[in-house]
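Right, one structure below, let's go through it.
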Amino acid sequence: MCPENAEKIERIDMESHIEVPETPEELFAAVQELEGKVVGREEETLREIKELKIAIKSLKLAYKDNPEIVESLDEAMHSLDEIEIPFYSTDYKGEGADLNRSYGPEEAEEQRTYLEKYRYSEAKFSSEDEYMDFLAQNLTSLEEINLFLKYLYRYDLTSEKTHSQFIENQGTTYSGDWWKSPLQTSTEYNQSEGRFFGDCDDIAILFEEILSRQGKNPFFFVIPGHALTGWIEEDSDGRYMAYVVDTTSVSRDLGDGECKKLEGKAGQTQEEVFEELVNSFSRESDAHSEFNTDQMNLGFYISGKDVAFDIPANFALAQRYHELKAHLMEENFVEILEILNEEIERDPESINLKIARLQFQLLMNADYSEIQQSIQDIVAMYAENVGNRNARNNLNQTAYFLTKKGYTGESIDLLAPLIEKYNEVFFDINLNDTLSDLYVGNNDFENAYQNDVRSLQEIARAEESIQAEFGGIAPIKYWEIYGVTSMDVFRDMITSRLNNNPAYKAYVLQKDDLPDFFRK
Amino acid sequence: MGNLKPFKKSYLIAGAKKKINMLQKKEAKLVIANKNIEKIKEQLDRIREKNELTDLDKRLYNA
């Protein structure tokens with residue numbers, strides 16, 4: 001640019017405070033309105049930039065004999081490249097920001113090539129199955145997987161866009177997240193960017209399918225706050241290479257997703273290499289426990305049946321992922337129990353395997369004596385696992401299964417003595433909420449009320465320094481992206497409990513010392 | 001995010017808040033981008049005004 005015209009490209013202050021509406025209706029309306037507006041403006045801006053670039057190139061040609069003008073034009077072109085186009089960039093500046101790439105014009109071109117190559121259309125593929133095979137045939141290298149994720153995928157937590165089922169395998173297990181099928185994830189595109197979208201589990205499920213079709217032996221696994229798909233290969237020297245497809249932890253914003261690899265050292269077992277890989281990247285939402293292969297859960301999405309399973313596991317069980325999946329597809333629960341019993345024999349200290357066994361005993365309506373034995377085993381083991389976050393989640397889940405099967409009283413016996421111990425270490429509103437549900441289920445309204453008041457007090461006490469996590473309470477920095485406080489989460493919990501149980505609501509409302517929170 | 005108790009509403013609110021935040025930032029960025037584009041346009045106009053184009057140049061420029 002000519003010196004007298006040189007003006008600094010303005011930068012936006014990303015730290016400025018942004019107001020968001022309070023009620024859900026206002027929020028969703030605002031999102032829709034804003035999205036329409038921004039998408040329109042984005043397209044217009046991109047078009048203008050493109051036209052300007054053509055104009056500058058033409059002018060350069062026209063004034064090629066005037067070095068002063070050419071220099072000015074080069075500077076103008078540079079300024080144009082400097083302009084941040086939100087379409088191609090993200091704002092997250094924290095840990096993991098390396099995964100958020102700002103695309104320049106060349107990358108934008110490459111993205112178009114990738115979108116063209118990989119996007120599903122009925123014209124290009126005779127069936128959806130053929131499309132999955134196409135992905136499997138083409139996404140064979142780490143580099144290609146990463147470019148595929150970079151250009152076609154956008155992390156998105158907005159579940160309302162998906163029509164995934166609420167996961168519940170025949171009334172005995174549950175999960176709080178909505179999982180999309182591999183096809184749904186890879187063939188539905190967002191409006192603004194034409195990319196497919198989903199969160200960690202959606203991508204993990206998609207890649208479990210793709211990698212399986214390649215004959216690899218992947219397993220889709222779940223750790224607190226995150227889900228991934230991993231696989232292990234052995235090289236000619238007998239060393240293990242571990243891989244995971246990772247969308248970065250949920251507390252990161254807008255990662256593109258990445259396939260990560262760790263080359264094991266000679267003498268390392270595959271379990272060690274795998275554990276090292278998963279622990280090598282930051283999982284901010286899981287600050288309380290390192291990933292431990294003895295405490296992993298395995299996830300299963302059974303395409304075509306709209307059924308998903310989430311099974312507490314250990315690494316040995318993960319190695320039998322495809323055996324398990326085949327049985328789950330056929331609902332051969334007897335075989336699964338046999339596998340679990342074999343693994344429990346090998347690893348009798350694994351609390352996860354015992355919980356998994358209990359889940360399948362419940363699923364198969366085993367004799368109550370067997371179930372009771374399992375519960376006693378598990379309770380004894382939990383006492384040793386107070387600080388284990390996976391154990392807490394699984395305890396919560398176990399209590400839920402028991403309630404589903406009508407063992408409400410037993411669930412309270414299981415939960416009540418333990419929850420006090422857990423809360424001393426790490427207060428968990430989710431666990432406390434389950435306990436309240438159980439009390440209400442037993443028509444023990446007084447205990448339910450006392451328990452709810454306890455949750456309220458804990459949250460109020462800690463409100464300054466914490467925010468809610470979906471499964472409990474985490475330090476504020478992990479959840480500022482979502483802007484959800486523990487009070488918000490608790491308000492939802494208490495509202496649904498009161499609305500679903502009119503008798504409990506009536507009981508609570510006649511309380512003299514009822515905190516204002518409950519009246520709202 | 002597997003074994004977590006469902007509370008769909010707060011999940012949706014969290015997603016919506018996150019999204020609105022992102023869109024507002026995007027919008028703010030676009031405003032800046034448009035301002036900068038305007039400045040570059042003005043500069044190009046000044047270059048054009050200062051320098052007469054030949055017929056060939058004009059053809060190239062308009063191409």
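From a predicted model like this one, the values you see are computed outputs, not experimental measurements.
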Spacing of [X] atom [atom1] and [Y] atom [atom2] [to the nearest 0.5 Å]:
| X | Y | atom1 | atom2 | value |
| --- | --- | --- | --- | --- |
| B/L44 | A/L59 | CG | CG | 6.0 Å |
| B/N36 | A/T45 | CG | OG1 | 11.0 Å |
| B/Q43 | A/S79 | CD | OG | 6.5 Å |
| B/I37 | A/I49 | CD1 | CD1 | 4.0 Å |

Can you name the residues that form a side-chain hydrogen bond (donor to acceptor under 3.5 Å, both in side chains) with A/N66, not counting sequence neighbours?
->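 Expected list: none.
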Partner set under salt bridge (charged side-chain N to carboxylate O under 4.0 Å, His left out) for B/K41, not counting sequence neighbours =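 B/K41: salt bridge (charged side-chain N to carboxylate O under 4.0 Å, His left out) contacts with A/E48, B/E38.
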Region of A/K37 that comes under 4.5 Å of a non-hydrogen atom in chain B =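 Side chain only.
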Please walk me through it: do A/R41 and B/V31 pass side-chain contact (heavy atoms from CB on, under 4.5 Å)?
-> CA-CA 9 Å; A/R41 193 159 191 169; B/V31 171; 3.7 Å; yes
Heavy-atom pair of closest approach, residues B/I40 and A/A76 =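 Closest approach of B/I40 to A/A76, heavy atoms only: CD1-O, 4.0 Å.
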